Amino acid sequence: MKDYLKLYFVTDRELSLGRSLEEVVSEAVQGGVTVVQLREKEASTGEFIGLARRLMKLLKPLGIPLIINDRVDVALAADADGVHIGQSDMPYEDARRLLGPDKIIGLSVESFEDIETANGLDVDYIGISPVYGTPTKTDTAEPFGLEGLRKAVEMSVHPTVAIGGMNASTIGDVMAVGTDGVAVVSAICSAENIREATSELKTLVDADAKESWSDEVWKKSLKIYNAILDLDFLKELADGSLDGSAFARYIAQDEIYLKNYYNQMNMLADLMEDEGDRSIFLSFAQSGMECEKALHNMLIEKYGIDTEVEPSKVTEGYNSHICEGIATGNPCIALASVLPCMWIYNRVGLHIFRHSKLDGNPYKEWILEYGNEEFTIGVNKVLAMIDAWASKADKQTREKMDYYYLKAALYEYAFWDYGYHSDAKSYCYIDSLEGWL
């Protein structure tokens, strides 16, 4: 979760009851808004920049991000913290190129197809719009509704903000679905007492906006994940230049790993006390196993890969680590130990899909397998499951969950590293997490 998204205020001077923009924003910030989006549909470019600069002067000392609606040029001129773009605005790639890697870019999505496309982009968050119909935005698609929002949150690999119809009567239900924040317009700027109204909304948001275990552990593992993305194996796989022997070595070791992994998934399911959780997990696991096995069989036949090889020390160590997690008998720890093989693979698959050259790429099938919508939804369901368990776990269990997840994430790094370098280098870095967190 990105904490600044919790209570996302979108300005509208026409709905502000004659009060100045600075007064409205100042009162809203004092009431608890966590980010401000300046939306100006009628202002000239010069006026828009002037308004943005005045808000930056107000917000920057308070550490509250200022997001500019649509206009990348205005964001650049005012040195704002980022932009929010819609489906018909400047393409994300151009906005990122102009703004650089450190600015915030949010993207409105109006359909499940938009979310699938956004999953392949490195946006900072998506705005799911609209959840409910609203008079402040009349040019929007059919509302998602609460169940549509739930599916959208499950599909998205990015933090989510619910947009459209957000007020005191809807925020509780919306936050309970699992969205990271809500975008509010009239419930703040048209309130008689802005500070008081905002404070009430913030209380509602905070009641359901506790950071999950998966949010926390992902932050802890970012150095490992970024190192994975920087591996030569994956960069060359994405552009199709990866040497066939390296890919064959990886597939042969993965074949050994997966034979154990399938058994481990079933053992993990046996630890689950809740029949609903067990059913969801087994359905996802079985689907994943069948798809991965079919992919492996196709690749082994296509490239004539010899799978009769000895397991590497990395493969042996990874399987032993997972077995150790399952042997604790604690489903929280057991699931944490196998989670990177789902979660990191999915995020890497989506990243590579976005940056890869698919035409003529000999590894196209692998890329498409791990970056698809069905796999993403399944992984997000497992994340919701482990977060629910972790919320009831004691401190010692959560600490062990962290360890088993992070060590498994490091094994994921080593697994691809071995595929590229084989026995030509040492993999003793997997012995300790020191320096990786």
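These numbers were taken from a predicted model, which means no experiment stands behind them.
The backbone N or O of Gly435 lies less than 3.5 Å from a partner atom in the side chain of Lys223, making a donor-acceptor pair. Counting only distance, with no hydrogens or angles, the side chain of Asn346 and the backbone of Tyr370 share a donor-acceptor pair below 3.5 Å. Within the 3.5 Å criterion, the main-chain N or O of Gly32 finds no donor-acceptor partner in the side chain of Thr198. Asp417 contributes no side-chain N or O that, together with a main-chain N or O of Tyr413, makes up a donor-acceptor pair within less than 3.5 Å.
Minimum interatomic distance between Gly325 and Ile333 (heavy atoms only, all atoms of both residues): O-CG2, 4.0 Å. What you find for Ala52 and Ile68 is that their closest heavy atoms are CB-CD1, 3.9 Å. Heavy-atom minimum distance, Gly86 versus Asp70: N-OD1, 4.3 Å.
Taking the charged nitrogens against the carboxylate oxygens, Asp402 and Lys220 do have a contact shorter than 4.0 Å, which makes a salt bridge. A salt bridge links Glu47 with Arg13: at least one charged nitrogen is closer than 4.0 Å to a carboxylate oxygen. One finds no salt bridge joining Lys400 and Asp394 here, because no Lys/Arg side-chain nitrogen approaches an Asp/Glu carboxylate oxygen to under 4.0 Å. Taking the charged nitrogens against the carboxylate oxygens, Lys103 and Asp79 do have a contact shorter than 4.0 Å, which makes a salt bridge. Salt-bridge annotation for Arg398 and Glu216: present, with a side-chain N of the basic residue lying under 4.0 Å from a carboxylate O of the acidic one.
Using a 4.5 Å cut-off on side-chain heavy atoms (C-beta onward), Ile194 and Ile188 make contact. Using a 4.5 Å cut-off on side-chain heavy atoms (C-beta onward), Tyr132 and Leu146 make contact.
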**OP:** For Gln87 and Val109, run side-chain contact (heavy atoms from CB on, under 4.5 Å): C-alpha distance rounded to whole Å, both residues' side-chain angles, the deciding distance at 0.1 Å, then the answer.
**Re:** CA-CA 7 Å; Gln87 292 296 314; Val109 295; 4.2 Å; yes
Original post:
Would Tyr318 and Gln253 count as a side-chain contact (heavy atoms from CB on, under 4.5 Å) if you check the C-alpha gap in whole Å, the side-chain angles of each, and the deciding distance to 0.1 Å?
Top reply: CA-CA 11 Å; Tyr318 197 178; Gln253 290 298 317; over 6 Å; no
**OP:** For Phe233 and His421, run ring pair (Phe, Tyr, Trp, His ring centres under 6.0 Å): C-alpha distance rounded to whole Å, both residues' side-chain angles, the deciding distance at 0.1 Å, then the answer.
**Re:** CA-CA 9 Å; Phe233 182 98; His421 293 286; 10.0 Å; no
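Here Ser391 pairs with nothing under the side-chain contact (heavy atoms from CB on, under 4.5 Å) rule; sequence neighbours left out. Every residue meeting the salt bridge (charged side-chain N to carboxylate O under 4.0 Å, His left out) condition with Glu147, not counting sequence neighbours, appears here in chain and number order: Arg150.
Phe112 carries Lys151 over the face of its six-membered ring, with the cationic atom under 6.0 Å from the centre and within 45° of the normal.
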